Amino acid sequence: MGLCLLLLLPACTPRAARPVVAPGGPEDLASQFLDAWARNDVAAQRKGLLDAPPDFDAQHARWRQDLGVVASRFEQPSLESDDGVTAVVRFRGVHTLRGLGDWEVESRLRFERRNSRWGLRWTPEVLHPAARPGDRFGRTRSWGPRGALLDADGDPLTVPGEVIRIGVMPGRVKDRAAVASVLQAQLGVDPSRVLSALNAASAQPEQFVAFIDVRPERYQQVRAVLAPVPGIFFRKKAARLSPAEGFAAHTLGRVGDATAEALQLLGPLYQAGDVVGLSGLERAQERALAGRPSGEVRLSHRSGDSEVLHRFDGEPGRDVRTTLRMDVQAAAEAALMDVTWPAALVAVDTSTGEVLAVASRPLGEALHRALTGRYPPGSTFKIVTAEALLASGLKPDSRADCPVEVTAGRKRFRNFESEVLGTTTLRRVFALSCNTAFIQLEAKLDRRALEDAARRFGFGVGYDVGLPSPGATFPEPRDDAEHAAAAMGQGRVLATPLHMATVAAAADSGVWHAPRLLADAPPGPEARLSPGTPKALRELMRAVVTEGTAKSAASLSGLMGKTGTAEFGTAVPPQTHAWFVGVRGGIGFAVFVEGGGVGGRVAVPLAARFLQALDAPDAIALPPGRL
């Protein structure tokens, strides 16, 4: 196996067994020189040279800088000729050029023997066989067109456009507090960020310091207020724009100048100044959307001529088709238009698990709570508990008792707002979300029945959506109290809004499908509900709308669902998240409002707005917001 002198990159090409090399001979000296080169130890390289050029260090430094060399590795050199006075050693080097890739060069090291000792006669030929004194290396590099994110129909979700970058020139600012105040009031820019940037940029008073990019329509709204403030300036910048501000913002993501963090993650094909995906699918699908840069390694001769030593063949970016539907996404945006609480709305296709819409609020917060936020699902989990009960033989008209309070594992559980229904049916306790009834009924099941039902709805199942999403967990209950809490979606049960949309979808189709956001991705895991349960589940979920906690949405024909008011935190009384998960027209969805209160009062009206917008897409007014 050949010896690789620097293990920064994959192992060198296998070669024949290494021959015996005489210490101090040309091959041994060549290995030492190349080893020092690989370490970028120019002083060690210079030690073995005969009559080293006075600018040897500068030539190597210029070679590295002009080509953007970030690493070099070499195969074991081989002796080509040796007449006792002169010798030639062949070698192959692989130089990694920042932003372009690997450049392979085969060249020679020429040695002379003086006073019984060998030394290297260095010339620019060592860098490349075509190089001569006075020549200069250079490179070119360019990206092809970036691919587009497409909707389910193949139409672009983003298009080339223009944004206005708003910032300041520190040397023109007369009142720092006024600048910080107006940027906060008009655009929500953190004042401490403005003041910190102004302090840091004080050494370069004419340098433009950017704070935010806005679409042209937003710029027209704020220009009259911002323009008169001394020090605030505006610059146009090319950008990829969605159909409206905030449209699927967390999911699509944004592009911009590569950050240090992005460069570290993206690897050697990228360099400072590149425009890359910084979040969302633009980030996750960066390699497909961006393609590969093309470029050339050139050698400019002292005569004025130049030649191309190597070409890097680039690749244009590829379009990436998502499963998002433009009309469903627009309806989701319309539903959350004026919601000030942190919130999420997700819609999926009941027969495939394809994600049709994803919206998270607030827009200015990086957290994509629809996909990555995990919360107790509260009474929306009673869909799962009901499936376990139905699988055990219960029917919608089976008897159920709903007292104000029950005890399980020496812990008392009460109904929300102390509701009492007395002796009634499974249908009614589901429709009105009676906690105590579900705790008592679940306690009669086999100890693993609820856990098995949760598994049928994807709890504890891993899947790849296309963006980070942790799914849902149902830890095995440790005692009767945890069993009781789990039966009503509390305790240690957690789920994302995306996952709860798939739970509603499974109740409609009879099969739980893992959600996916990329059209060309293979289907993920799936699980079939217990025989005979989907029809009864649909009956129970319809009753929630016609006579239960979601009765305010009864005018929406065909709507089925389940409300949830999930307790969290340690406050007394506890704070609650508002949930509603539902199904209509082959679309399963989840509406979630973090800390929003009661599901039937808060989440159901938002779900109704979503469905009404979906029924009348021409009436949708998309919300203003930030990029």
Side-chain angles (χ1 to χ4, degrees), residues 1-13 15 17-82 84-98 100-139 268 297 299 309-310:
M1 180 72 70
L3 174 63
C4 183
L5 299 177
L6 181 64
L7 299 179
L8 291 179
L9 294 173
C12 296
T13 305
R15 297 174 63 88
R18 181 183 175 187
V20 177
V21 176
E27 283 183 277
D28 181 41
L29 294 176
S31 293
Q32 294 177 34
F33 178 84
L34 296 176
D35 182 47
W37 189 353
R39 299 194 314 270
N40 194 27
D41 186 348
V42 181
Q45 288 178 265
R46 195 188 318 107
K47 284 182 180 178
L49 302 187
L50 295 172
D51 305 324
D55 63 344
F56 175 78
D57 292 16
Q59 285 196 58
H60 256 276
R62 186 166 60 243
W63 171 82
R64 294 182 69 88
Q65 180 178 344
D66 290 349
L67 292 179
V69 178
V70 295
S72 297
R73 67 187 191 274
F74 300 93
E75 286 189 2
Q76 178 64 34
S78 60
L79 186 66
E80 182 178 279
S81 64
D82 180 359
V85 179
T86 63
V88 177
V89 176
R90 296 179 63 88
F91 72 93
R92 186 173 76 93
V94 180
H95 309 295
T96 301
L97 310 189
R98 182 184 295 107
L100 285 173
D102 288 347
W103 174 39
E104 294 187 12
V105 178
E106 290 192 9
S107 196
R108 295 173 174 82
L109 298 173
R110 302 183 184 277
F111 293 87
E112 293 181 14
R113 191 179 184 116
R114 290 185 184 178
N115 300 322
S116 301
R117 298 187 64 177
W118 289 98
L120 172 62
R121 173 73 69 185
W122 190 91
T123 69
E125 179 189 19
V126 173
L127 301 175
H128 191 277
R132 299 293 180 267
D135 291 351
R136 187 81 180 250
F137 290 89
R139 55 178 264 170
V297 175
L299 183 64
L309 302 180
H310 182 76

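Keep in mind that what you see is a predicted model, and the values were worked out from it rather than measured.
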Heavy-atom pair of closest approach, residues H310 and D102 = NE2-O, 4.3 Å

Residues forming a side-chain contact (heavy atoms from CB on, under 4.5 Å) with Q65, sequence neighbours excluded = none

Distance from L67 atom CG to R62 atom CZ, nearest 0.5 Å?
-> 11.5 Å

So do the side chains of L97 and V69 get within less than 4.5 Å of each other, counting heavy atoms only?
-> yes

Distance from F111 atom CZ to D82 atom CG, nearest 0.5 Å?
-> 10.5 Å

Would you mind listing every salt bridge (Lys or Arg N to Asp or Glu O under 4.0 Å) that reaches into residues 121-136, with sequence neighbours excluded?
-> D51-R121, D66-R136, R110-E125, E112-R121

When rounded to the nearest 0.5 angstrom, what distance separates OG1 in T123 from CZ in R108?
-> 11.5 Å

Please name the pair of heavy atoms, one in F56 and one in V42, separated by the smallest distance, quoted to 0.1 Å.
-> CE2-CG1, 3.6 Å

Non-hydrogen atoms of P26 and A87 that approach each other most closely | CG-CB, 3.7 Å

Shortest non-hydrogen pair, L299 vs A130, comes out as CD2-O, 3.5 Å

Mind checking whether F137 and H128 have side chains closer than 4.5 Å, heavy atoms only?
-> yes

Reported CZ-to-CZ distance for the pair F91 and F74, which is rounded to 0.5 angstrom = 6.0 Å

For D41, the side-chain contact (heavy atoms from CB on, under 4.5 Å) test, sequence neighbours excluded, returns A36, R39, A43, A44

pair L127-H60: side-chain heavy atoms closer than 4.5 Å | yes

For the residue pair A52 and L49, what are the closest heavy atoms and their distance?
-> CB-CD1, 3.7 Å

Is the ring centre of W37 less than 6.0 Å from the ring centre of W63?
-> yes

Over all heavy atoms of both residues, which pair between G24 and L29 is shortest? Give the atoms and the distance, please.
-> O-CD1, 3.7 Å

Check salt bridge (charged side-chain N to carboxylate O under 4.0 Å, His left out) between D57 and all other residues, then give those that pass, not counting sequence neighbours.
-> R46

Measuring from E75:CD to L34:CG, what's the distance to the nearest 0.5 Å?
-> 11.0 Å

How long is the span from the CH2 atom in W103 to the OG atom in S72, to the nearest 0.5 Å?
-> 9.5 Å

Got a sec, which residues hit salt bridge (charged side-chain N to carboxylate O under 4.0 Å, His left out) with E106, two or more places apart in sequence or on another chain?
-> R90

By side-chain contact (heavy atoms from CB on, under 4.5 Å), which residues pair with P129, not counting sequence neighbours?
-> V105, S107

